[in-house]
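One structure is given below, encoded as structure tokens.
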Amino acid sequence: QVQLVESGGGLVQPGGSLRLSCAGLGRTFSIYTLGWFRQAPGKEREFVGGISWAGGTPQYADSVRGRFTISRDNAKNIVYLQMKSLNPEAASVYYCAADRSALVRRTTSPYDYWGQGTQVTVSS
């Protein structure tokens, strides 16, 4: 079992950058694939990107590829979401989630554990 705590959200101007963190509480953090999702008001939760516990290249949604970067530090039990060139459409609550599968899956249902979310607001 793992508990996830997101942080780093806030207000950023269009074109700005922000780095979100997801801290895992539990000694088994390294065996989970970590996904990032976001949910804007009135919309469904959508996949942003993810990184497998088995290594390999992180995967991203088409809408963020090239602007967002995911990395993980298993020694610190943290996964990061670096976001650049933010636009107003990126404003959402961002969640990290953990899945035991080695695959990065793009739907919410396979993920067993979720953080509480962190709000990102993009506005001038």
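Values reported hereafter were calculated over all heavy atoms of this structure, with side chains retained and with hydrogens, waters and symmetry mates removed. Quantities reported herein were computed from a predicted structural model and do not represent experimental measurements.
Across every non-hydrogen atom of S71 and V79, the tightest pair is O-CG2, 3.1 Å. Residues P14 and S124 come closest through the heavy atom pair CD-N, 3.6 Å. In this structure, Y32 and A98 approach most closely via the heavy-atom pair CD2-CB, 3.7 Å. In terms of heavy atoms, G50 sits closest to I70 at N-CD1, 3.2 Å.
One hydrophobic cluster, built from ILVMFWY side chains closer than 4.5 Å, cannot hold both L81 and V93; they sit in different ones. A chain of hydrophobic side-chain contacts below 4.5 Å, direct or via other Ile, Leu, Val, Met, Phe, Trp or Tyr residues, connects I31 to I51. Both V122 and L18 are assigned to one and the same hydrophobic cluster, defined by single-linkage of ILVMFWY side chains at heavy-atom distances under 4.5 Å. In the hydrophobic clustering of this structure, Y95 does not group with L4; members are Ile, Leu, Val, Met, Phe, Trp, Tyr whose side-chain heavy atoms approach within less than 4.5 Å, directly or through other members. Hydrophobic cluster membership differs between W53 and V48, with clusters built from Ile, Leu, Val, Met, Phe, Trp and Tyr side chains linked at under 4.5 angstrom.
Listed for the S52 side chain is no donor-acceptor partner under 3.5 Å among the backbone atoms of V104. Side-chain atoms of R106 come within 3.5 Å of backbone atoms of Y60 as a donor-acceptor pair (strictly under, hydrogens ignored). Between the side chain of D62 and the backbone N or O of R65, no donor-acceptor pair lies under 3.5 Å. In this structure, Y111 contributes its side chain and C96 its backbone to no donor-acceptor pair below 3.5 Å. Without hydrogens or angle criteria, E6 side chain to L20 main chain gives no donor-acceptor distance under 3.5 Å.
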What verdict does the side-chain contact (heavy atoms from CB on, under 4.5 Å) test give for S17 and K84, after you've listed the backbone C-alpha separation in whole Å, the side-chain angles of each residue and the deciding distance to 0.1 Å?
CA-CA 4 Å; S17 299; K84 299 180 179 180; 3.7 Å; yes

Going through the distances and angles, do M83 and W36 end up as a side-chain contact (heavy atoms from CB on, under 4.5 Å)?
CA-CA 12 Å; M83 305 185 293; W36 283 99; over 6 Å; no

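To the nearest 0.5 Å, atom OG1 of residue T107 and atom CZ of residue R45 are 12.5 Å apart. Atom OG of S30 and atom CG of D73 lie 11.5 Å apart (nearest 0.5 Å). Atom OG of S123 is separated from atom CG of L86 by 12.5 Å, given to the nearest 0.5 angstrom.
Residues V120 and R38 are not in side-chain contact: their nearest non-hydrogen atoms beyond the backbone lie 4.5 Å or more apart.
Annotation: cation-pi geometry not satisfied between R72 and Y80 (NZ/CZ under 6.0 angstrom from ring centroid, within 45° of ring axis).
Note on ring orientation: taking the six-membered ring where Trp is involved, the planes of F68 and Y94 are tilted (angle from 30° to 60°). Ring geometry for F37 versus F47: interplanar angle over 60°, hence perpendicular rather than tilted (30 to 60°).
Residue Q119 places its CD atom among more than 12 non-hydrogen atoms of other residues, nucleotides or ligands, all under 6.0 Å distant.
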